[in-house]
Amino acid sequence: MVARQIVARGIKDPRVLQAMRDVRRHEFVNLASQPYAYDDRPLPIGLGQTISQPYIVAWMTELLAPTPSQHVLEIGTGCGYQTAVLAQLTRHVYSIERIDDLSSQAALNLNRAGITNVSLAVGDGFEGWPAHAPYPCIIVTAAPPIVPPELLNQLGPGGRIVMPVGGAGAQQMVRITRRADGSLHREELGAVSFVPML
Ligand code: SAH
């Protein structure tokens, strides 16, 4: 998976590649999807949601570039796979999911994988998680029509937010960086297809 799908498409960060090798993706998908866990595509995780294609997880993680001392806010825990990858690379991951059953499943998956530096919450990701703000890194794995203002409020100086933005069929991968002077720098990095942020 890492050689053919991720390195071959240009992901270079050695820490990201190691994290993608270390997390056992088949432990995060349901039984029916396990034979396909390392395929080059998204997979259903139940309740109409999907786990992203492995390359997309690696790309977003490289764009986010978290350091070992930083904490990360993630919106859209899903099955906890992206959470697990981030947990390899950072001090702590705070992750919010709106669907209770998915958050519970993610907690089981992360626990079984022996990952302890994560906190999960059920709630509305549009509100962020103010208690641990400001964040140096924010990642969103569902697509809202516009960048949620409250997430920008919780982004610290020098921080980065990586997320899909836009309606069905017209989403872009966006990275917004908050410069030291507080101003925002926005990059549009290519067309993507995510479930909507609701
Ligand atoms: N990162 C996940 C991908 C999950 S798909 C993984 O590795 O499996 C996106 C997730 O975002 C879905 O589980 C969906 O329920 C969740 N979501 C959508 N809108 C949300 C919102 N407003 N707040 C929190 N989670 C949301």
Side-chain angles (χ1 to χ4, degrees), residues 1 5-6 16 19-20 22-34 36-64 66 72-90 93-113 115 118-130 132 135 137-152 154 161-168 171 173-174 192-198:
M1 177 188 87
Q5 303 172 30
I6 297 174
V16 174
M20 296 298 297
D22 288 345
V23 178
R24 295 151 62 94
R25 188 169 158 97
H26 67 271
E27 292 186 343
F28 289 83
V29 302
N30 53 36
L31 215 52
S33 290
Q34 275 185 10
Y36 316 108
Y38 297 91
D39 284 9
D40 191 13
R41 56 173 167 126
L43 292 170
I45 55 172
L47 298 150
Q49 306 305 316
T50 53
I51 176 174
S52 298
Q53 180 187 10
Y55 165 68
I56 295 289
V57 173
W59 183 37
M60 291 182 81
T61 308
E62 187 173 70
L63 289 171
L64 196 64
V72 178
L73 174 65
E74 177 187 47
I75 310 299
T77 317
C79 67
Y81 177 69
Q82 172 83 71
T83 321
V85 171
L86 291 168
Q88 311 302 305
L89 298 169
T90 60
V93 185
Y94 296 92
S95 186
I96 304 175
E97 169 57 52
R98 61 181 280 273
I99 301 176
D100 201 338
D101 282 358
L102 286 178
S103 186
S104 305
Q105 188 59 52
L108 287 173
N109 294 343
L110 290 160
N111 192 41
R112 189 179 43 215
I115 293 169
V118 302
S119 302
L120 305 184
V122 176
D124 180 7
F126 281 98
E127 303 301 323
W129 193 331
H132 308 286
Y135 298 93
C137 297
I138 301 177
I139 183 170
V140 185
T141 62
I146 60 159
V147 178
E150 190 48 38
L151 295 184
L152 287 177
Q154 293 178 25
I161 179 164
V162 174
M163 62 187 301
V165 181
Q171 297 170 7
M173 185 66 77
V174 170
V192 287
S193 179
F194 280 74
V195 297
M197 186 168 172
L198 300 174

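This chain uses plain numbering: 1 for the first residue, then up along the sequence. Indexing begins at 1, ligand by ligand and atom by atom, following the structure's order.
- In this structure a side-chain-to-backbone donor-acceptor pair under 3.5 Å is present from Gln5 to Tyr38.
- A search for salt bridge (Lys or Arg N to Asp or Glu O under 4.0 Å) contacts involving Asp101 returns nothing, not counting sequence neighbours.
- Open room surrounds CZ on Arg24; 12 or fewer heavy atoms of other groups in view lie less than 6.0 Å from it.
- For ligand 1, the 4.0 Å heavy-atom shell takes in Gln49, Thr50, Ile51, Glu74, Ile75, Gly76, Thr77, Gly78, Cys79, Tyr81, Gln82, Ile96, Glu97, Arg98, Ile99, Leu102, Gly123, Asp124, Gly125, Phe126, Thr141, Ala142, Val195, Pro196, Met197, Leu198, ordered by chain and residue number.
- Taking the six-membered ring for Trp and thresholds of 30 and 60 degrees, His132 and Trp129 have ring planes more than 60 degrees apart, a perpendicular arrangement.
- Counting only residues at least two apart or on different chains, no salt bridge (Lys or Arg N to Asp or Glu O under 4.0 Å) pair has a member in residues 43-62.
- Listed by chain and residue number, Phe126, Glu127 satisfy the side-chain contact (heavy atoms from CB on, under 4.5 Å) test with Asp124 (two or more places apart in sequence, or in another chain).
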